[in-house]
2 protein chains.
Amino acid sequence: MSKATPTFSIELFFRALADRTRLRLLNLMSDGEICVCFFTEILDESQPKVSRHLAYLRRAGIVASRREGKWMHYRMQEPAEERARALLRATVDSLRNDPAMQRDRQKLSRLCCSPRLPASLNGAPVPVLNGSVRTTC
Amino acid sequence: MSKATPTFSIELFFRALADRTRLRLLNLMSDGEICVCFFTEILDESQPKVSRHLAYLRRAGIVASRREGKWMHYRMQEPAEERARALLRATVDSLRNDPAMQRDRQKLSRLCCSPRLPASLNGAPVPVLNGSVRTTC
DNA sequence: GCATCACATTCGCTTGGACGAATATGTAAA
DNA sequence: TTTACATATTCGTCCAAGCGAATGTGATGC
């Protein structure tokens, strides 16, 4: 599912990111693939809300999803067009520069390094962070 | 008026550009300063509508305005932060790559070169285009 | 099979934002 | 100062989109 990349639409792109929750989700994906339960844990938002916003990003062609058993992983998807890719890179770059967004990613980083995950994440596949600017554990 | 550049907000930026009309306005400003009457002529939209959307862009800190007699000129405004500037550049770059947006700019280009402007633009200050990719008249 | 877990979707409700129409403001010219 | 012109703003309406609550779906385990 969610394989074909439809022709990029700037309007769709901006509509998709004109929401704080979706910006936070994208920011969390900037270090690599994450499963839904980590999103809900870090954003501290309801699961249906997170899921709805992830579906929005997927329909806009900004992220892609992959199933692994019970878990769904989401990751950023590189647009086909070069300028669109550059725009997405600049977007993520700006996001990573934002203090609130850095706090979210730090929370993710700590969770990934932690020997004991919170109960809500028991058994969940821990994201593998490949961020260039690694936050120390 | 509209001098101070408030701290850049990514969310505000994306909300401001999550609208087709505002994207078209920004695209038209990518070649240089334009006055309101040219916007309404090219977009073929009502004056209050154009004015409202320009005010929205101004409040978001994306454009700045300048009065010259009866006319108001609008231009893009470079954000203070480097990453924000890069994001705006990438945005405009993507816009200029879009066929519909190219048609708008071509219409502007033709209007500027034309010896006889339409009646609605009589006496209006003709924009000076400084676009890198000049469309021939 | 049935239960459970992770996630997706649907359903009303409510709110924000875009719109046309009307009106206000600011400038210049008569 | 009256008029005309360019632009800005306000007002009321309507529609899209976000929300919580409830329910549906797909996978695993017993």
Side-chain angles (χ1 to χ4, degrees), chain A residues 1-2 11-12 14-25 28-29 33-60 63-75 117-127, chain B residues 1-2 11-12 14-25 28-29 33-60 63-75 117-127:
Chain A
M1 187 184 290
S2 77
E11 194 185 350
L12 184 59
F14 277 94
R15 295 195 97 84
L17 295 182
D19 180 279
R20 173 136 203 93
T21 303
R22 292 196 287 273
L23 286 174
R24 294 178 73 191
L25 291 171
L28 284 176
M29 278 178 263
E33 208 183 43
I34 311 189
C35 76
V36 177
C37 49
F38 273 80
F39 286 123
T40 67
E41 174 69 24
I42 293 168
L43 298 200
D44 194 26
E45 300 275 9
S46 75
Q47 177 268 317
K49 175 171 173 177
V50 167
S51 204
R52 267 195 310 257
H53 284 294
L54 284 171
Y56 198 133
L57 289 175
R58 181 159 38 76
R59 280 191 298 268
V63 309
S65 57
R66 175 180 69 88
R67 179 177 282 280
E68 181 192 354
K70 298 186 289 185
W71 296 277
M72 285 292 284
H73 297 259
Y74 283 82
R75 63 184 180 281
L117 293 176
S120 58
L121 296 178
N122 264 341
V126 177
Chain B
M1 187 186 293
S2 75
E11 194 185 349
L12 185 59
F14 277 95
R15 295 194 98 84
L17 296 181
D19 179 279
R20 173 138 202 90
T21 303
R22 292 195 288 272
L23 286 175
R24 293 179 73 191
L25 291 171
L28 284 176
M29 277 176 264
E33 207 183 45
I34 311 188
C35 77
V36 177
C37 50
F38 273 81
F39 286 123
T40 66
E41 174 70 24
I42 294 169
L43 297 199
D44 193 27
E45 299 276 9
S46 76
Q47 177 267 319
K49 175 171 173 177
V50 167
S51 206
R52 266 196 311 258
H53 284 294
L54 284 171
Y56 198 133
L57 289 174
R58 181 159 38 77
R59 280 192 298 268
V63 310
S65 58
R66 176 180 68 88
R67 179 178 281 281
E68 181 192 352
K70 296 185 290 186
W71 295 277
M72 286 292 283
H73 297 259
Y74 283 82
R75 63 184 180 279
L117 292 176
S120 59
L121 296 179
N122 266 340
V126 177

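We name chains A, B, ... by the order of the sequence lines, and we start the count at 1 in each one. Computed from a prediction, not measured in an experiment: that's the story for all the values here.
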Between [X] ([atom1]) and [N] ([atom2]), how many Å, whole number?
X        : N      : atom1 : atom2 : result
B:Met72  : C:dT25 : CE    : P     : 16 Å
A:Asn122 : C:dT4  : CG    : P     : 17 Å
B:Glu11  : D:dG18 : CD    : P     : 12 Å
A:Lys49  : D:dG20 : NZ    : C1'   : 10 Å
B:Arg59  : C:dG17 : CZ    : C1'   : 12 Å
B:Arg66  : D:dA8  : CZ    : C1'   : 18 Å
B:His73  : D:dA6  : NE2   : C1'   : 11 Å
B:Leu43  : C:dC19 : CG    : P     : 11 Å

From B:Arg66 atom CZ to B:Arg75 atom CZ, the distance as rounded to the nearest 0.5 Å
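Reported value, rounded in 0.5 Å steps: 7.0 Å.
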
N/O-N/O pairs, protein side and nucleotides 21-28 of chain D side, under 3.5 Å:
none

What verdict does the side-chain contact (heavy atoms from CB on, under 4.5 Å) test give for B:Val63 and B:Arg22, after you've listed the backbone C-alpha separation in whole Å, the side-chain angles of each residue and the deciding distance to 0.1 Å?
CA-CA 11 Å; B:Val63 310; B:Arg22 292 195 288 272; over 6 Å; no

Would you check, one step at a time, whether the test side-chain contact (heavy atoms from CB on, under 4.5 Å) holds for A:Leu28 with A:Leu43?
CA-CA 10 Å; A:Leu28 284 176; A:Leu43 298 200; 4.0 Å; yes

Could you check whether A:Phe38 gets within reach of a base, just the sugar-phosphate, or nothing at all, counting any heavy atom under 4.0 Å?
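If one applies the 4.0 Å heavy-atom cut-off, A:Phe38 turns out to touch nothing in the nucleic acid.
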
Return the 5'-most residue of the pair A:Glu45, B:Val36 with respect to DNA chain D, ranking by each residue's nearest nucleotide.
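Nearer the 5' end of the strand: B:Val36.
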
Nucleotide N/O to protein N/O under 3.5 Å, stretch nucleotides 13-17 of chain D:
none

Under 3.5 Å donor-acceptor, A:Arg15 side chain and A:Leu17 backbone
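Checking the backbone N and O of A:Leu17 against the side chain of A:Arg15, no donor-acceptor pair under 3.5 Å is found.
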
Is the phosphate of C:dC19, meaning OP1 or OP2, less than 4.0 Å from a side-chain N or O of B:His53?
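So the side-chain polar atoms of B:His53 do come within 4.0 Å of the phosphate oxygens OP1 or OP2 of C:dC19, strictly under.
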
For A:Phe39, all residues meeting ring pair (Phe, Tyr, Trp, His ring centres under 6.0 Å), sequence neighbours excluded
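None.
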
B:Ala18 versus A:Phe14, closest heavy-atom pair with distance:
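Shortest heavy-atom contact: CB-O, 3.7 Å.
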
Is there a side-chain contact (heavy atoms from CB on, under 4.5 Å) between A:Arg52 and A:Thr21? Walk through the geometry before answering.
CA-CA 10 Å; A:Arg52 267 195 310 257; A:Thr21 303; over 6 Å; no

Pair B:His53, B:Leu57 - check side-chain contact (heavy atoms from CB on, under 4.5 Å), show working.
CA-CA 6 Å; B:His53 284 294; B:Leu57 289 174; 5.9 Å; no

Closest-nucleotide mapping onto DNA chain C: is A:Leu121 or A:Ala55 further toward the 5' terminus? I mean the 5' end.
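The residue whose closest nucleotide sits nearer the 5' end is A:Leu121.
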
Closest listed nucleotide, where the reference is the side chain of B:Ser46 and the choices are D:dT9, C:dA6, C:dG20
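The answer is C:dG20, which lies nearest to the side chain.
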
Where do B:Gln47 and B:Thr40 land on the side chain to side chain donor-acceptor pair (under 3.5 Å) test, with the steps shown first?
CA-CA 6 Å; B:Gln47 177 267 319; B:Thr40 66; over 6 Å; no

